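To start, the structure itself, in structure tokens.
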Amino acid sequence: MRDRLILIDQEFDLVFSNATLHWIENHQTVLQGINSALKADGRLIISCGGEGNAAQILETFAQLIAANSWQRYFSNFKCPYLFYGLQDYQK
């Protein structure tokens, strides 16, 4: 089954997202979709990791997968976490 984008025009009073956006690469598209789905006086509540969140854990993980004994297991690995900063949301 193909993924489909369903356009919703101002249907919701509230959109809530908890610990989700750091898994999504293109926040701009998501935010535009949410904006089009919210009523004029609607609210968006987001809770997610931001820039610098889990930095020590991610650095430790990067060092681990770079180690000779682990490199072969992570040859095509792309980190699934995307922690955007304030500058990414300015506009």
Side-chain angles (χ1 to χ4, degrees):
M1 177 184 275
R2 280 182 71 178
D3 291 337
R4 293 184 302 146
L5 176 62
I6 300 171
L7 298 176
I8 300 171
D9 187 25
Q10 300 179 330
E11 293 283 333
F12 298 98
D13 296 312
L14 172 69
V15 173
F16 172 75
S17 173
N18 185 40
T20 304
L21 284 180
H22 60 267
W23 293 95
I24 298 171
E25 190 168 346
N26 189 338
H27 287 200
Q28 187 68 28
T29 300
V30 171
L31 294 172
Q32 287 171 345
I34 291 170
N35 185 55
S36 70
L38 282 172
K39 292 180 179 178
D41 60 344
R43 294 181 64 201
L44 168 62
I45 300 174
I46 296 175
S47 175
C48 64
E51 184 176 45
N53 193 260
Q56 289 179 313
I57 293 169
L58 294 173
E59 178 58 32
T60 301
F61 182 66
Q63 291 173 11
L64 176 73
I65 66 174
N68 289 334
S69 57
W70 291 99
Q71 280 180 345
R72 64 184 168 152
Y73 300 107
F74 294 93
S75 61
N76 294 316
F77 179 76
K78 180 182 176 196
C79 183
Y81 302 113
L82 302 154
F83 298 111
Y84 293 100
L86 182 60
Q87 69 280 0
D88 299 305
Y89 280 91
Q90 287 296 314
K91 68 177 185 173

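What you are looking at is a predicted structure, and each value in this text was computed from that prediction instead of being measured.
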Can you list every side-chain hydrogen bond (donor to acceptor under 3.5 Å, both in side chains) pair that touches residues 48-57, not counting sequence neighbours?
->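 Found Glu51-Gln87.
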
When clusters are formed from ILVMFWY side-chain contacts under 4.5 Å, directly or step by step, what else is grouped with Trp23?
->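 Trp23 clusters with Leu58, Tyr81, Phe83.
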
Hydrophobic cluster (4.5 angstrom, side-chain heavy atoms) - remaining members for Ile45 = Leu14, Phe16

So do the side chains of Ile46 and Val30 get within less than 4.5 Å of each other, counting heavy atoms only?
-> no

Quick one: salt bridge (charged side-chain N to carboxylate O under 4.0 Å, His left out) pairs with a partner in residues 16-35, sequence neighbours left out?
->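 Sorted result for residues 16-35: Glu25-Lys78.
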
Any pair with a residue in residues 30-40 that passes salt bridge (charged side-chain N to carboxylate O under 4.0 Å, His left out), sequence neighbours left out, goes on the list, sorted by first then second residue, please.
-> Asp13-Lys39

Under 3.5 Å donor-acceptor pairs involving side-chain atoms of residues 64-72, not counting sequence neighbours:
residue, atom, partner, partner atom, Å
Gln71, NE2, Ala66, O, 2.8

Non-neighbouring partners of Asp41 that pass salt bridge (charged side-chain N to carboxylate O under 4.0 Å, His left out), sequence neighbours left out =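 Applying salt bridge (charged side-chain N to carboxylate O under 4.0 Å, His left out) to Asp41 gives none.
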
Residues in salt bridge (charged side-chain N to carboxylate O under 4.0 Å, His left out) contact with Glu59, at least two apart in sequence or another chain |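 Listed in chain order: nothing, the list is empty.
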
Which residues share a side chain to side chain contact (heavy atoms under 4.5 Å, CB included) with Thr29, sequence neighbours left out =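 Result, side chain to side chain contact (heavy atoms under 4.5 Å, CB included) vs Thr29: Asn26.
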
Those residues that, when tested against His27, pass side-chain hydrogen bond (donor to acceptor under 3.5 Å, both in side chains) (two or more places apart) |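 Once residues adjacent in sequence are excluded, the partners of His27 under the side-chain hydrogen bond (donor to acceptor under 3.5 Å, both in side chains) criterion are Tyr89.
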
Does Gln32 have any side-chain hydrogen bond (donor to acceptor under 3.5 Å, both in side chains) partners at least two apart in sequence or in another chain, and if so, which?
->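 Listed in chain order: nothing, the list is empty.
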
Would you list the pairs meeting ring pair (Phe, Tyr, Trp, His ring centres under 6.0 Å) in which at least one residue belongs to residues 36-62, sequence neighbours left out?
->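 Sorted result for residues 36-62: Phe61-Phe74, Phe61-Phe77.
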
